[in-house]
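Quick note: numbers below take in every heavy atom, side chains included, and nothing from hydrogens, waters or symmetry partners.
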Amino acid sequence: MIKEITRGHIILETKEGVVRILGEALLPGYGSPDFVVYENSIKEWLEPANELISPNSKRNILKQLKKDAKEKQLNIEIE
């Protein structure tokens with residue numbers, strides 16, 4: 001579940017924990033996404049604190065993020 005969206009990050013809560021995903025909010029319109037997510041910023045969990053994220057968990061995080069964004073009608077792009 002998306003817990004927080006700011007201009008520079010998204011906080012996402014999954015079954016495994018809570019993660020901060022860095023990115024950039026963009027101006028609406030002009031055919032651009034609402035938020036660009038930097039996939040390489042997904043490295044460690046906020047909770048449990050400072051635990052590294054496995055490749056499998058990273059896939060699950062991105063899958064959950066896409067699902068939650070669709071439900072909130074957010075157009076995200078993953079780089």
field: Closest contact, heavy atoms only, Pro48 versus Gly17
entry: CD-CA, 4.3 Å
Main-chain N/O of Gln64 paired with Thr14 side-chain donor or acceptor, under 3.5 Å: no
- prompt: Counting heavy atoms not belonging to Gln73, are there more than 12 under 6.0 Å from its CD?
  reply: no
message: Under the rule for side chain to side chain donor-acceptor pair (under 3.5 Å), what residues qualify as partners of Lys58, not counting sequence neighbours?
response: none
- request: Output the rest of the hydrophobic cluster of Ile42: all Ile, Leu, Val, Met, Phe, Trp and Tyr residues reachable through side-chain heavy-atom contacts under 4.5 Å, sorted by chain and number.
  value: Ile2, Ile5, Ile10, Leu12, Val19, Ile21, Phe35, Val37, Trp45, Ile53, Ile61, Leu62, Leu65, Leu74, Ile76, Ile78
query: Can you list the residues that meet the salt bridge (charged side-chain N to carboxylate O under 4.0 Å, His left out) rule with Lys3, with sequence neighbours excluded?
result: Glu13
task: Rounded to the nearest 0.5 Å, what's the gap from CD on Glu77 to CD on Glu39? Could you check?
output: 12.0 Å
- request: Would you give the length of the straight line joining atom OG1 of Thr6 to atom NE2 of His9, rounded to the nearest 0.5 angstrom?
  value: 4.0 Å
task: Rounded to the nearest 0.5 Å, what's the gap from CZ on Arg20 to CD on Glu44? Could you check?
output: 9.5 Å
- request: Could you point out which residue of Glu47, Met1, Glu4 forms a side-chain contact (heavy atoms from CB on, under 4.5 Å) with Val18?
  value: Glu47
query: Would you say the side chains of Ser57 and Glu16 form a donor-acceptor pair under 3.5 Å?
result: yes
message: Could you check whether any side-chain heavy atom of Leu26 comes within less than 4.5 Å of a side-chain heavy atom of Pro33, counting everything from C-beta outward?
response: yes
